[in-house]
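Worksheet for the structure shown next.
Heavy atoms only: backbone and side chains are in, while hydrogens, waters and symmetry mates are out. The residues of the chain are indexed from 1 along the displayed sequence. Counting convention: from 1, in listed order, for ligands and their atoms alike.
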Amino acid sequence: MTFSRIGGTGRYLPERVLTNADREKIVDTTDEWIRTRTGIEERHVATDDEQTSDLCVNAAKIAMADAGVDPQDIDLIVIGTTSPDLLFPNVATIVQHKMGIPACAAFSLETACSGFIYAISTADKFIRAGDTKCALVIGAEIITRLIDWEDRNTCVLFGDGAGAVILQPSEEQGIMSTHLGADGQYKDLLYYPVGVSNNLAAAGVGDSRIMMAGNEVFKVAVKTLASIAQTALDANNMTLDDVDWLIPHQANLRIIQAAAKRIGMPMEKVIQTVQMHGNTSAASVPLALDVGIRDGRIKRGQTLLLEAFGGGFTWGSVLLRY
Ligand code: COA
């Protein structure tokens with residue numbers, strides 16, 4: 001049986017860092033409020049001349065070096081993002097061109113903060129079907145371009161970044177299961193009010209802001225992240241004792257803690273990066289994965305449970321042997 005397996009990882013965070021103290025200068029907030037309500041201390045923010053594809057390229061180069069693969073080896077690019085360079089061509093083709101990757105399937109998908117989980121789940125299916133030998137999978141955002149810097153409800157939460165993974169076929173166990181889900185009835189709790197077929201002429205993107213009912217999102221996020229972790233374990237006849245690391249979407253430390261508590265996962269086994277990265281949407285899970293690998297906590301052969309939740313709502317999990 002062929003599995004898909006992670007051959008290498010990489011991450012890139014824009015150099016510019018905005019601390020909570022920087023936020024205090026812009027809106028009526030405090031470092032203490034942000035830390036106690038979200039756990040966030042700072043976040044990286046792209047400069048005006050950086051595009052999402054640039055973040056992708058920087059993360060991808062590191063992941064490819066880690067896996068020992070060249071641009072010629074890549075035959076699938078899947079990118080989860082809500083903040084592509086352009087509406088079309090899709091950002092995966094821009095990354096392909098910038099990296100000199102030969103013609104291959106290249107597409108992006110927009111499932112908000114679940115984007116990377118959807119992307120890696122899709123690539124897993126391509127590999128197991130025998131269609132792909134080397135997939136470049138990325139979660140990337142310059143989500144701060146959608147932020148109203150004067151809206152204190154959202155401007156303290158988000159940050160930019162990209163995380164990349166090389167996924168390859170293997171006879172050794174890699175990805176064991178993927179579970180994806182969505183429920184569009186929650187659209188009004190978290191959305192961006194401008195799209196191509198809706199409001200584009202009336203309100204330009206720069207004039208709009210992320211709309212979020214924070215409290216409601218919080219509650220559904222905790223319940224969903226807890227239940228999808230359990231679903232992944234049940235599907236594999238496993239318990240939490242079998243999992244070395246939980247790598248959840250990094251939206252808010254209190255959401256991560258509450259979801260972990262619900263399923264009985266000790267926080268020592270949860271990778272946490274929200275403090276330094278903020279909510280980087282589709283980039284958050286691959287960023288946290290790479291942080292855990294590079295700092296030596298995550299080791300080859302260990303079992304990882306990745307999970308995410310985002311606007312839509314969308315959600316998903318990936319259980320894998322690293
Ligand atoms: N600084 C200071 N005060 C702030 C603030 C800020 N940055 N943002 C909001 N407030 C105020 C609110 O206006 C409110 O004031 P009021 O009571 O006078 O109306 C007060 O703080 C309490 O707001 P509340 O919404 O009850 O706080 P909370 O404990 O729920 O925390 C969030 C707010 C947004 C941090 C929290 O709800 C959250 O993280 N939700 C999930 C968001 C998320 O993860 N979205 C992405 C999902 S992928």
Side-chain angles (χ1 to χ4, degrees), residues 18-43 45 80-83 110-118 139-141 143-144 146-161 163 180-184 186-193 209-229 247-260 262 270 272-275 277-288 306-317:
L18 289 187
T19 64
N20 291 347
D22 295 323
R23 281 281 161 274
E24 285 177 357
K25 291 177 204 150
I26 302 172
V27 287
D28 181 16
T29 191
T30 61
D31 173 52
E32 201 264 336
W33 191 98
I34 302 170
R35 277 178 201 254
T36 52
R37 302 295 178 112
T38 72
I40 297 167
E41 296 166 23
E42 59 186 36
R43 69 291 285 151
V45 176
T81 186
T82 313
S83 44
E110 29 153 343
T111 53
C113 301
S114 309
F116 176 76
I117 296 292
Y118 268 72
E141 301 282 10
I143 196 83
T144 59
L146 302 180
I147 293 296
D148 174 354
W149 293 111
E150 287 171 13
D151 177 11
R152 69 175 182 173
N153 292 299
T154 52
C155 79
V156 299
L157 301 178
F158 294 97
D160 303 327
L180 301 178
D183 190 343
Y186 294 107
K187 179 216 135 203
D188 291 341
L189 296 186
L190 180 58
Y191 67 102
Y192 191 80
R209 61 164 72 168
I210 291 178
M211 311 298 283
M212 184 180 76
N215 271 317
E216 299 306 309
V217 175
F218 191 104
K219 286 181 225 158
V220 188
V222 171
K223 272 192 219 150
T224 307
L225 287 169
S227 86
I228 60 177
I247 307 174
H249 172 47
Q250 310 282 320
N252 178 320
L253 189 58
R254 286 164 53 225
I255 292 177
I256 296 171
Q257 287 167 334
R262 250 176 192 252
V270 181
Q272 304 159 45
T273 50
V274 68
Q275 297 92 331
H277 298 170
N279 181 350
T280 56
S281 184
S284 94
V285 170
L287 282 172
L306 282 50
E307 58 169 354
F309 171 88
F313 291 135
T314 59
W315 57 82
S317 71

Next on the checklist: Before you tell me yes or no, could you show the steps for E141 and T81 under side-chain hydrogen bond (donor to acceptor under 3.5 Å, both in side chains), namely the whole-Å CA-CA distance, both residues' side-chain angles and the distance that decides it to 0.1 Å?
Outcome noted: CA-CA 6 Å; E141 301 282 10; T81 186; 3.3 Å; yes
Checklist entry - How about atom 17 (O) of ligand 1: does it have a protein heavy atom within less than 4.0 Å? => result no
Checklist entry - side-chain hydrogen bond (donor to acceptor under 3.5 Å, both in side chains) with R43: which of N20, T19, D160? => result N20
Item to check | side-chain contact (heavy atoms from CB on, under 4.5 Å) partner of F158, the single match among L146, I210, T280 | outcome: I210
Checklist entry - Which residue and non-hydrogen atom of the protein lie closest to atom 9 (C) of ligand 1, and at what distance in Å? => result N153 OD1, 3.1 Å
Checklist entry - Are the side chain of N252 and the backbone N or O of R37 linked by a donor-acceptor pair below 3.5 Å? => result yes
Checklist entry - Does F218, backbone or side chain, put an N or O under 3.5 Å from an N or O of ligand 1? => result no
Item to check | Proximal atoms of ligand 1 relative to V156 (non-hydrogen, under 4.0 Å) | outcome: 7 (N)
Checklist entry - Is it true that R23 lies under 4.0 Å from ligand 1, counting heavy atoms only? => result no
Item to check | G161 to A283 - nearest heavy-atom pair and separation | outcome: O-CB, 3.3 Å
Checklist entry - Does any N or O atom in T30 lie less than 3.5 angstrom from one in ligand 1, N or O only? => result no
Checklist outcome for this item: Tested for side-chain contact (heavy atoms from CB on, under 4.5 Å) against F313, the lone hit among T224, D183, V220 is V220
Checklist entry - Is atom 2 (C) of ligand 1 less than 4.0 angstrom from at least one protein heavy atom? => result yes
Item to check | Proximity flag I34 to ligand 1, non-hydrogen atoms under 4.0 Å | outcome: no
Checklist entry - Against heavy atoms of N252, which atoms of ligand 1 measure under 4.0 Å? => result 35 (C), 38 (C), 39 (O)
Checklist entry - Would a distance-only check, ignoring hydrogens and angles, find a side-chain to backbone donor-acceptor pair under 3.5 Å from Q250 to T273? => result yes
Checklist entry - Under 3.5 Å between some N or O of ligand 1 and some N or O of H249? => result no
Next on the checklist: Distance under 4.0 Å to a non-hydrogen atom of I255: what atoms of ligand 1 satisfy this?
Outcome noted: 41 (C), 44 (O)
Next on the checklist: Quick check against the 3.5 Å criterion: does S114 have a side-chain atom that pairs as donor or acceptor with the backbone of T314?
Outcome noted: yes
Checklist entry - Hey, is CD on E41 packed in by over 12 heavy atoms from elsewhere, all under 6.0 Å? => result yes
Next on the checklist: Yes or no: does C113 have any heavy atom under 4.0 Å from an atom of ligand 1?
Outcome noted: yes
Checklist entry - Closest non-hydrogen protein atom to atom 41 (C) of ligand 1, residue and atom name please, with distance? => result G214 O, 3.5 Å
Checklist entry - For atom 5 (C) of ligand 1, which candidate among F313, W315, F309, W33 provides the closest heavy atom? => result W33
Checklist entry - How far does CZ of F116 sit from OG1 of T111, to the nearest 0.5 angstrom? => result 11.5 Å
Checklist entry - Is any N or O atom of T29, backbone or side chain, closer than 3.5 Å to an N or O atom of ligand 1? => result yes
Checklist entry - What atoms in ligand 1 come closer than 4.0 Å to a heavy atom of T38? => result 35 (C)
Checklist entry - Which of the atoms of ligand 1 are close to M212, meaning less than 4.0 Å from one of its heavy atoms? => result 34 (C), 42 (C), 43 (C), 45 (N)
Checklist entry - Considering only protein heavy atoms, which is closest to atom 44 (O) of ligand 1, and at what distance to one decimal place? => result A251 CB, 3.4 Å
Checklist outcome for this item: atom 46 (C) of ligand 1 sits nearest the protein heavy atom N279 ND2, 3.6 Å
Checklist entry - Would a distance-only check, ignoring hydrogens and angles, find a side-chain to backbone donor-acceptor pair under 3.5 Å from T30 to W33? => result yes
Checklist outcome for this item: Of all protein heavy atoms, the one nearest atom 22 (C) of ligand 1 is R37 NH1, 3.6 Å
Item to check | Minimum-distance protein heavy atom relative to atom 14 (C) of ligand 1 | outcome: R152 NH2, 4.7 Å
Next on the checklist: Checking contacts here: is it the side chain or the backbone of N215 that comes within 4.0 Å of ligand 1, counting heavy atoms only? Could be both or neither.
Outcome noted: both
Next on the checklist: Tell me whether atom 38 (C) of ligand 1 lies less than 4.0 Å from at least one protein heavy-atom position.
Outcome noted: yes
